[in-house]
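Just follow the structure's listing: the first ligand is 1, and inside any ligand the first atom is 1.
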Amino acid sequence: MIQSSPKKPVLPELLAPVGSYEKLIAAIHYGADAVYLGGKSFSLRARAGNFDEAGLRQAIDYAHEHGVKVYVTVNIFAHNRDMATLPDYLMLLADLRADGIIVSDPGILSLARKITPQLELHLSTQANVTNSASACFWAQQGARRLNLARELGLEEIKAIRAETEAELEVFVHGALCISYSGRCMLSNYFTGRNANQGDCAHPCRYSYAVVEEKRPGEYFPVEEDERGTYIFNAKDLCLLTKLPLLVDAGVSALKIEGRMKSVGYVGAVVRLYRQALDWIGEQIFLGEPAVSLQLPEIFHNELSKIGTRGQTENFFSTRPSSDDMLYDRMRIEQSWVPVGIVRNEDPLLIETRQVLHCGDQVEYLGHSIEPDKVTVTAMRLENGSSIERANPGNRVELVTDPSLNGIERHALLRKRT
Ligand code: SF4
């Protein structure tokens with residue numbers, strides 16, 4: 001009798017945010033299956049850099065050369081004045097061979113369905129899908145993939161999974177809005193910058209105090225803390241430890257937030273989730289059920305080295321509470337920071353992003369979850385002169401102890417702060 005060999009499990013797609021070409025390269029280097037990005041028009045995250053036509057072409061070509069899909073955000077809530085140029089833009093995206101577009105406005109969705117049926121339609125989190133009927137409705141409208149609202153728990157995700165054939169996408173990591181994703185007027189009210197046109201000024205991260213109406217100018221702290229009180233400041237979402245449950249639930253894609261975050265952040269987060277998913281895939285292949293898997297400690301160590309406002313699982317298991325807010329500061333001090341990007345392998349040349357000294361201990365982020373730990377023993381500028389200190393933006397040749405093996409262009413190095 002011929003025995004069939006075990007099949008490789010189908011893992012969810014790892015979907016990374018890219019606000020620039022450099023972030024795209026980092027996300028792909030560390031194993032994203034797909035990336036999402038915005039053009040200069042019709043995209044939320046207006047300040048993320050975003051891509052003009054030449055930039056879109058370059059990004060899509062690069063991604064496709066590496067077997068990575070590209071979804072373009074067309075997720076503003078459009079006014080009539082926005083619609084005039086939309087057909088040309090959609091046809092441009094189709095010509096550039098974008099794999100899909102991310103939409104939230106029903107008008108944009110219906111127009112895209114008619115004009116560019118070759119573009120996959122993915123429903124943005126801005127559409128706030130929170131129930132099965134809503135999911136089925138959007139699937140009937142032609143949405144192939146639904147990004148579920150961040151306000152759902154695992155049981156709700158499973159219930160929606162059972163009711164629709166549409167691909168389901170879940171945010172697993174990144175900043176959270178205090179309101180239903182982006183449905184918030186704080187930014188409009190304080191600064192005139194419209195969150196639903198991609199221009200949020202993030203006033204939920206400001207420090208607030210109370211003023212009594214007859215005492216203008218007297219600011220009373222909401223809590224007794226001289227650093228202020230960040231009453232709207234939600235911790236960052238992190239579902240790293242829940243990945244086995246999401247795999248088991250049949251989710252199609254896992255999305256990382258952060259088109260405005262740094263190259264170092266995007267690379268490190270993608271690397272962490274890629275490694276975690278691959279580990280889960282190996283365990284399933286070996287016969288372990290996904291639901292019983294617990295990520296080894298090394299994944300938690302890596303997570304602790306990535307910048308954050310603290311971590312919350314948001315609604316995943318239960319309703320969030322005050323423990324899921326960061327009331328006393330804007331963010332948590334980082335213990336490790338990205339310090340450079342490899343620009344050449346041999347000799348090892350990096351472009352620095354932080355001050356780096358001879359004697360500093362650094363970690364090289366390769367393609368295994370354990371980083372390589374080395375000490376910088378010498379640095380040279382490209383003109384050959386030796387230096388003891390490199391400033392951000394320098395291109396320096398590094399000598400390390402021990403020497404690094406298997407160095408790859410685009411890899412990141414980090415150092416302890
Ligand atoms: S102010 Fe904060 S909660 Fe409101 S839309 Fe912007 S990021 Fe979201």
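- A heavy-atom separation below 4.0 Å is not found between S187 and ligand 1.
- With 2.8 Å as the limit, C177 does not count as an N, O or S neighbour of atom 6 (Fe) of ligand 1.
- Using a cutoff of 4.0 Å between basic side-chain nitrogens and carboxylate oxygens, R271 and E302 are scored as salt-bridged.
- Sorted by first then second residue, the salt bridge (Lys or Arg N to Asp or Glu O under 4.0 Å) pairs that include residues 83-104, not counting sequence neighbours, are D61-R97.
- The C200 neighbourhood of ligand 1 comprises atoms 1 (S), 5 (S), 6 (Fe), 7 (S), with distances under 4.0 Å to a heavy atom of that residue.
- Every atom of ligand 1 with a heavy atom of I178 under 4.0 Å away is listed here by number and element: 3 (S).
- Judged purely by atom type and a 3.5 angstrom limit, R113 uses its side chain to pair as donor or acceptor with the backbone of Q141.
- The salt bridge (Lys or Arg N to Asp or Glu O under 4.0 Å) analysis of residues 309-327, with sequence neighbours excluded, yields the pairs D236-R309, K242-E313.
- Taking the charged nitrogens against the carboxylate oxygens, E257 and K261 do have a contact shorter than 4.0 Å, which makes a salt bridge.
- Near P203, meaning under 4.0 Å from any of its heavy atoms, are these atoms of ligand 1: 1 (S).
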